[in-house]
Amino acid sequence: MRLIFLGPPGSGKGTQAKIVAGKTGAKHISTGDILREAAAAGTDLGVKAKRYMDAGDLVPDEVLLGLVEEVLSDAKTSESFILDGFPRTIPQAEGLDEIFGKLNLNLDWAIKLDVPDQAIIDRLTSRYFCANCKADFNTKTKPPKVEGVCDNCGGTLVQRDDDKEEVIKNRLKVYHEMTAPIEDFYSAKGKLKTVPGDREFDEITSDILNVIS
Ligand code: AMP
């Protein structure tokens, strides 16, 4: 099974990709995770990628294409995988086609989690965490007993910088400009499946499993 998960930031595609990979035995390949690990380890790739990631910009296509080709060249990985966070631009999607051709692989589906922008803004701007013990809260779904105060340790609740409304709006803008055209790319090949993503978590997982079964 060879899948691509598409969807805007905050659509829940990373979490769904992990769950579906766990249920199907597919390898979960998150380019964001790989780049973060490389940055933390200080490898050449990580050093190159970090300045783009810190600015919220996309890492250059050729860096990502080299990385993905290396990962998919592993025979076991290439049997069954979910690509999460890649491709993110049309040149990446075209380059992935070439990699698939070179490695003699076929894509089963590109699965798009469809979540309206306003639902994403609501979802992400309501996320808070404790500055002291890092516990997660959500003012809508998991509110603290006392506003702004951590239930566990009494610490102050704060927002991640990239969960602030202006930053989220910018990440969504980048998504619509750079990544959304990929949906047409896969739709034209008859490979796009859209799953409504603004619902209960388990319902979304079971829809995805239905699509691929
Ligand atoms: P993510 O965890 O998928 O949101 O990725 C975090 C960051 O890694 C992104 O904001 C980009 O800077 C970088 N990144 C991850 N995947 C890609 C990609 N396919 N193309 C370009 N940059 C990427």
Side-chain angles (χ1 to χ4, degrees), residues 2-21 26-73 77-78 81-100 105 107 110-115 117 119-121 123-125 127 129 136 159-186 191-192 197 208:
R2 300 182 185 108
L3 303 173
I4 292 169
F5 275 28
L6 300 172
S11 61
K13 83 183 146 49
T15 320
Q16 290 289 350
K18 248 179 246 165
I19 301 274
V20 173
K27 171 112 172 142
H28 174 219
I29 303 169
S30 155
T31 46
D33 285 353
I34 295 172
L35 294 173
R36 271 185 292 276
E37 278 163 27
T43 64
D44 286 353
L45 167 70
V47 170
K48 213 186 276 180
K50 193 170 183 317
R51 59 198 163 102
Y52 296 99
M53 296 169 78
D54 285 350
D57 290 331
L58 294 182
V59 177
D61 292 335
E62 61 277 13
V63 175
L64 267 295
L65 283 163
L67 184 157
V68 168
E69 180 163 1
E70 194 184 317
V71 173
L72 294 184
S73 294
T77 301
S78 69
F81 58 81
I82 299 176
L83 277 171
D84 161 20
F86 181 92
R88 250 174 158 106
T89 63
I90 290 285
Q92 289 182 15
E94 290 168 345
L96 183 63
D97 266 4
E98 281 175 31
I99 295 172
F100 273 36
L105 307 175
L107 176 70
I111 297 178
K112 187 210 164 179
L113 281 194
D114 194 22
V115 184
D117 283 5
I120 286 173
I121 293 167
R123 205 183 269 190
L124 296 186
T125 53
R127 286 204 307 202
F129 71 97
D136 287 316
Q159 264 188 311
R160 275 171 41 171
D161 283 343
D162 58 357
D163 279 350
K164 298 200 167 125
E165 187 157 346
E166 284 322 298
V167 180
I168 293 166
K169 283 186 174 159
N170 191 45
R171 285 162 68 198
L172 287 169
K173 184 168 166 270
V174 170
Y175 177 81
H176 289 302
E177 282 173 9
M178 307 292 290
T179 308
I182 290 178
E183 293 160 22
D184 294 337
F185 180 91
Y186 288 110
K191 292 283 181 190
L192 185 74
I208 296 172

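Counting starts at 1 for both ligands and their atoms, following the listed order.
Not a single salt bridge (charged side-chain N to carboxylate O under 4.0 Å, His left out) links Lys27 to another residue, sequence neighbours left out.
For ligand 1, the 4.0 Å heavy-atom shell takes in Thr31, Gly32, Leu35, Arg36, Met53, Asp57, Leu58, Val59, Leu64, Gly85, Phe86, Arg88, Gln92, ordered by chain and residue number.
Note on residues 3-16: pairs passing salt bridge (charged side-chain N to carboxylate O under 4.0 Å, His left out), not counting sequence neighbours, are Lys13-Asp84.
Between Phe5 and Lys112, every side-chain heavy-atom pair lies at or beyond the 4.5 Å cut-off. Between Ile4 and Phe86, every side-chain heavy-atom pair lies at or beyond the 4.5 Å cut-off.
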Please determine whether side chain to side chain contact (heavy atoms under 4.5 Å, CB included) holds for the pair Leu6 and Leu192, giving the CA-CA distance in whole Å, both sets of side-chain angles, and the decisive distance to 0.1 Å. CA-CA 10 Å; Leu6 300 172; Leu192 185 74; 4.1 Å; yes

Side-chain donor-acceptor pairs of residues 62-70 under 3.5 Å, sequence neighbours excluded:
residue	atom	partner	partner atom	Å
Glu69	OE1	Lys102	NZ	3.4
Glu69	OE2	Lys102	NZ	2.9

